[in-house]
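Working notes for the structure below.
Order of the sequence lines sets the chain letters (A, B, ...), proteins ahead of strands, with each chain counted from 1.
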Amino acid sequence: MEVTLRIFRYNPENGKKPHYEEYKVTAEPTDRVLDLLEYIKGNFDGTLSFRRSCAHGICGSDAMRINGHNRLACKLLVKDLHGGKITIEPILGLRVIKDLIVDMEPFFENYRSVLPYLINDEPAPKKERLQSSEERERFDDTTKCILCACCTTSCPSFWVNEQYVGPAAIVTAHRFIFDSRDRGAAERLKILSGQFGVYRCHTIFNCTEACPREIEVTQAIGEVKKAIATGDLG
Amino acid sequence: MALKRNVGLKGIKYRGGGPMISWALHRISGLAIVLFVGLHVISSFFMQQLGSDFATAINTVYESIYFQFVMIFIVLFHALNGLRVIILDLWPRLIKYQREATWLQWLIFIPAYGMTVVVMILNQLQGG
């Protein structure tokens with residue numbers, strides 16, 4: 001099938017304003033959008049810039065806006081786009097460095113602000129810190145996050161203010177807050193109850209819809225809100 | 001140099017689907033309610049203090065049946081959507097059923113709005 005790709009282009013070095021360029025390529029229905037981008041870069045325009053690494057939906061490098069939705073280019077098949085025209089743009093709310101590449105630093109700054117690591121000053125046992133299957137299950141969903149930023153950059157609250165920690169940072173905080181081995185929940189909940197914390201979430205569900213790992217992001221945010229309100233980590 | 005951070009109208013074009021439309025409608029209906037209450041306050045003020053034609057003109061606008069059809073739609077949607085969000089906020093484990101919650105919201109909205117409109121039309125026909 002023939003597919004037309006309309007791609008956002010911006011190169012700060014050539015003085016041109018941001019614009020869209022169209023490329024016509026022949027694709028198999030089972031091709032991924034990333035395959036088409038690679039084809040264009042290899043055959044039409046070597047200056048086309050985008051991030052990619054593992055190309056298997058694990059590294060989270062190739063998040064972009066495809067036909068208006070945040071998606072990973074390596075996970076989205078041409079046949080699932082139902083049409084011969086594909087518009088590809090950078091994710092929203094972060095500064096565009098070149099073409100589809102955005103400055104991820106504000107995103108990672110928010111991520112670091114929620115202390116995304118295990119905190120436990122108690123003396124370590126002889127072997128590992130034990131945990132039951134039920135205790136592990138409590139935060140299983142939020143361990144799946146790959147920090148692709150699909151959720152955060154689909155959130156209107158983040159579009160308005162990049163200081164809002166955003167869904168991805170809250171998902172990471174959730175992963176540690178509800179971990180029975182962690183002792184930093186109170187500190188994290190204090191950070192997240194602040195001006196740019198969880199209460200900026202207005203239950204819009206764009207994050208849940210955008211997550212390529214199918215994490216129940218809004219539910220995780222809701223559970224953190226409830227933990228702040230009740231102090232209950234159950 | 002990187003482009004300036006600028007979302008603006010591009011955000012409106014983001015395809016968040018039904019939940020995003022509900023959120024946008026909730027904001028718009030909230031503003032509309034403020035506007036309606038504002039009109040009511042202004043008209044009462046002018047009516048009591050000046051008894052002016054201006055107040056009568058405002059009254060004619062918001063007492064017209066078409067305006068009331070729109071206002072009831074807005075208030076009822078805002079109230080039911082707000083209730084849905086409050087319930088999901090209080091019981092986050094229900095969030096996985098948010099699609100069903102939205103369907104339920106419309107299932108309550110449609111007969112409630114429909115019946116209200118029918119009663120209003122009947123009243124109007126009877127000269128009430």
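In summary, the side chains of Tyr111(A) and Glu109(A) do not present any donor paired with an acceptor at a separation below 3.5 Å, with no hydrogens or angles considered. Side chains of Asn70(A) and Thr153(A): a donor on one and an acceptor on the other come within 3.5 Å.
With chain A as the partner, the residue from Ile95(B), Val7(B), Leu3(B) showing the most heavy-atom pairs under 4.5 Å is Leu3(B). Ranked by heavy-atom pairs under 4.5 Å with chain B, the first of Lys98(A), Glu216(A), His202(A) is His202(A). In terms of non-hydrogen atom pairs under 4.5 Å with chain B, the most contact-rich of Lys226(A), Glu223(A), Glu162(A), Lys225(A) is Glu162(A).
Annotation: Phe45(B), atom CZ; neighbour count of heavy atoms from other residues, nucleotides and ligands within 6.0 Å does not exceed 12. Counting non-hydrogen atoms of other residues, nucleotides and ligands closer than 6.0 Å to CZ of Arg27(B) gives a total above 12. Heavy atoms from other residues, nucleotides or ligands lying under 6.0 Å from NZ of Lys144(A) number more than 12. In the displayed structure, Lys10(B) atom NZ is contacted under 6.0 Å by more than 12 heavy atoms of other residues, nucleotides or ligands. Annotation: Glu187(A), atom CD; neighbour count of heavy atoms from other residues, nucleotides and ligands within 6.0 Å does not exceed 12. Crowding of Glu105(A) atom CD: a count of heavy atoms from other residues, nucleotides or ligands under 6.0 Å exceeding 12. Atom CH2 of Trp103(B) is surrounded by 12 or fewer heavy atoms from other residues, nucleotides or ligands within 6.0 Å.
Residues from residues 71-87 of chain B that place a non-hydrogen atom less than 4.5 Å from a non-hydrogen atom of chain A comprise Arg84(B), Val85(B), given in numerical order. Within residues 35-43 of chain B, no residue has a heavy atom under 4.5 Å from a heavy atom of chain A. For a heavy-atom cut-off of 4.5 Å, chain A lies close to Tyr14(B), Arg15(B), Gly16(B), Pro19(B), Met20(B), Trp23(B) in residues 14-26 of chain B.
Contacts of Pro90(A) with chain B are absent, with no heavy-atom separation under 4.5 Å from either backbone or side chain. For a residue to count as touching a neighbouring chain, one of its non-hydrogen atoms must lie under 4.5 Å from one of that chain's; by this rule Val102(A) does not touch chain B. Within the 4.5 angstrom heavy-atom criterion, no atom of Glu89(A) approaches chain B. The part of Thr203(A) that comes within reach of chain B is its side chain, from C-beta onward, which places non-hydrogen atoms under 4.5 angstrom from that chain. For Glu209(A), the part lying near chain B is the side chain, with the backbone staying farther off; criterion is any non-hydrogen pair under 4.5 Å.
Side-chain atoms of Thr87(A) never come within 3.5 Å of backbone atoms of Asn67(A) as a donor-acceptor pair (strictly under, hydrogens ignored).
For the pair Val198(A)/Ser193(A), no side-chain contact is recorded, criterion being any heavy-atom separation below 4.5 Å from C-beta on.
A pairwise comparison of heavy atoms in Arg5(B) and Asn161(A) identifies NH2-C, 4.0 Å as the closest pair.
A salt bridge does not link Asp141(A) to Arg175(A): none of the charged side-chain nitrogens sits closer than 4.0 Å to a carboxylate oxygen. Contact check on Asp179(A) versus Arg138(A) returns no salt bridge, with no Lys/Arg side-chain nitrogen under 4.0 Å from an Asp/Glu carboxylate oxygen.
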If you look only at distance, which donor and acceptor atoms sit under 3.5 Å apart when one is on a side chain in residues 109-119 of chain B and the other is two or more places apart or in another chain?
from      : atom 1 : to        : atom 2 : distance (Å)
Tyr113(B) : OH     : Phe69(B)  : O      : 2.9
Thr116(B) : OG1    : Ala112(B) : O      : 2.6

### Message
Evaluate Asp62(A) against Phe50(A) for side chain to side chain contact (heavy atoms under 4.5 Å, CB included), listing each step before the verdict.
### Response
CA-CA 7 Å; Asp62(A) 59 351; Phe50(A) 53 90; 5.8 Å; no
### Query
For Leu9(B) and Ile12(B), what are the C-alpha separation, side-chain angles and deciding distance, and is it a side chain to side chain contact (heavy atoms under 4.5 Å, CB included)?
CA-CA 5 Å; Leu9(B) 290 175; Ile12(B) 294 171; 3.4 Å; yes
